[in-house]
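Accompanying notes for the structure given below.
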Amino acid sequence: MNTQSTITNVINTLSSYYKKQESFKNIFSNQSIMVKVGETFDEEIFELIDSVLDMLGLPRKEDVEVNGNNHSIENGLNLSLEAQLYKEGFRDQWERKICTNLIIEAAKNKIYLESAVKLVSQWQKLNQYIKEVEKHDCFYYIDLLKKHS
């Protein structure tokens, strides 16, 4: 199985997981313990994403401190580009975080599947791709995905 089909499978699996989780929450909305049970699989799902990112060769820096630059703005995620600073180890974590969020966005909205697969599989070029859509000191994941759709 090649890299792009592996990323596609992960996005499809995550999309299916989100749909099942939402159904589970709707069915058991009155039973908070059952909602929590449904959320217990989140960590395992994100380990799947991490495994794919490991396979792609994205460096993993467990000891890197990540500051709180992730914000929810205008119904879309944005990530402050100050994370691009070449502090020791920070850039590695930045690329991994962006790839994870691109996979999540594509799983939630399948029209971005193809562009997310392309961007994640070419993660070494993220800095170049983001410069195409950045606005001042941040960018929107949706803008990046649309640009490469």
Side-chain angles (χ1 to χ4, degrees), residues 1-29 34-84 86 89-135 138-149:
M1 184 178 293
N2 70 27
T3 301
Q4 291 189 343
S5 61
T6 301
I7 297 168
T8 300
N9 287 342
V10 168
I11 292 171
N12 287 332
T13 300
L14 186 59
S15 179
S16 177
Y17 171 74
Y18 283 144
K19 288 175 187 170
K20 289 174 185 171
Q21 189 180 48
E22 191 61 36
S23 295
F24 192 84
K25 285 179 181 178
N26 288 337
I27 292 169
F28 295 107
S29 62
M34 293 303 288
V35 171
K36 288 293 180 196
V37 167
E39 293 172 356
T40 60
F41 298 105
D42 286 353
E43 186 174 324
E44 292 167 6
I45 289 293
F46 289 105
E47 285 177 15
L48 172 68
I49 294 172
D50 279 338
S51 295
V52 170
L53 298 180
D54 289 341
M55 179 198 75
L56 292 172
L58 272 91
R60 184 189 287 248
K61 299 272 185 170
E62 298 297 341
D63 57 342
V64 173
E65 283 186 35
V66 179
N67 62 16
N69 286 335
N70 218 5
H71 307 285
S72 178
I73 297 177
E74 297 177 18
N75 297 323
L77 293 172
N78 98 22
L79 183 69
S80 173
L81 293 183
E82 70 183 77
Q84 290 185 50
Y86 287 88
F90 203 109
R91 181 163 174 73
D92 297 337
Q93 193 70 21
W94 175 81
E95 290 163 337
R96 196 170 191 90
K97 188 174 190 177
I98 289 172
C99 286
T100 299
N101 284 317
L102 291 172
I103 289 170
I104 291 167
E105 288 297 323
K108 291 180 179 179
N109 193 342
K110 295 292 269 307
I111 65 170
Y112 300 122
L113 176 67
E114 202 172 297
S115 55
V117 169
K118 174 188 173 190
L119 290 164
V120 172
S121 66
Q122 298 176 1
W123 65 270
Q124 298 92 338
K125 298 179 181 178
L126 279 176
N127 197 32
Q128 170 190 338
Y129 293 149
I130 289 170
K131 284 181 181 178
E132 298 171 359
V133 295
E134 72 183 345
K135 294 174 177 75
C138 66
F139 76 96
Y140 295 93
Y141 288 103
I142 297 298
D143 291 343
L144 182 61
L145 290 164
K146 284 179 184 176
K147 174 84 175 167
H148 291 274
S149 289

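If you're wondering where the values come from, they're calculated on a predicted model, not measured in any experiment.
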Checklist entry - Do side-chain atoms of Ser15 reach the backbone of Ile11 as a donor and acceptor pair under 3.5 angstrom? => result no

Checklist entry - How far does CD1 of Ile98 sit from CG of Leu53, to the nearest 0.5 angstrom? => result 11.5 Å

Checklist entry - Quick one: CG on Leu14 to NZ on Lys19, what's the gap to the nearest 0.5 Å? => result 11.0 Å

Checklist entry - If you round to the nearest 0.5 Å, how far is NZ of Lys147 from OG of Ser115? => result 12.5 Å

Next on the checklist: To the nearest 0.5 Å, what is the distance between CG on Asn109 and CD1 on Ile104?
Outcome noted: 14.0 Å

Checklist outcome for this item: OG1 (Thr6) and CG (Leu56) are apart, to the nearest 0.5 Å, by 8.0 Å

Next on the checklist: So which atom in Ser149 and which in Ile111 form the shortest heavy-atom distance, rounded to 0.1 Å?
Outcome noted: OG-O, 4.4 Å

Item to check | Pairwise distance CG(Leu119) to OH(Tyr129) - rounded to 0.5 angstrom | outcome: 6.5 Å

Checklist entry - Does a side-chain heavy-atom distance below 4.5 Å link Leu113 with Asn12? => result yes

Next on the checklist: Testing Glu22, Lys20, Gln21 one by one against Tyr18 for a side chain to side chain contact (heavy atoms under 4.5 Å, CB included), which residue passes?
Outcome noted: Gln21

Checklist entry - Any side-chain heavy atom of Thr13 sitting closer than 4.5 Å to one from Val10? => result no

Item to check | More than 12 heavy atoms of other groups within 6.0 Å of Lys110 NZ | outcome: yes

Item to check | Any Arg96 side-chain heavy atom under 4.5 Å of Asp54 side chain | outcome: yes

Checklist entry - Do the non-hydrogen side-chain atoms of Leu144 and Asn101 ever get within less than 4.5 Å of each other? => result no

Checklist outcome for this item: Residue set satisfying side-chain contact (heavy atoms from CB on, under 4.5 Å) with Glu114, at least two apart, ordered chain then number -> none

Next on the checklist: Taking the side chain as everything from C-beta on, heavy atoms only, tell me whether His148 gets closer than 4.5 Å to Tyr112.
Outcome noted: no

Checklist entry - What's the shortest heavy-atom distance between Ser5 and Asn2, and which atoms? => result N-OD1, 2.7 Å

Checklist entry - Does some side-chain heavy atom of Cys99 sit less than 4.5 Å from a side-chain heavy atom of Glu95? => result no

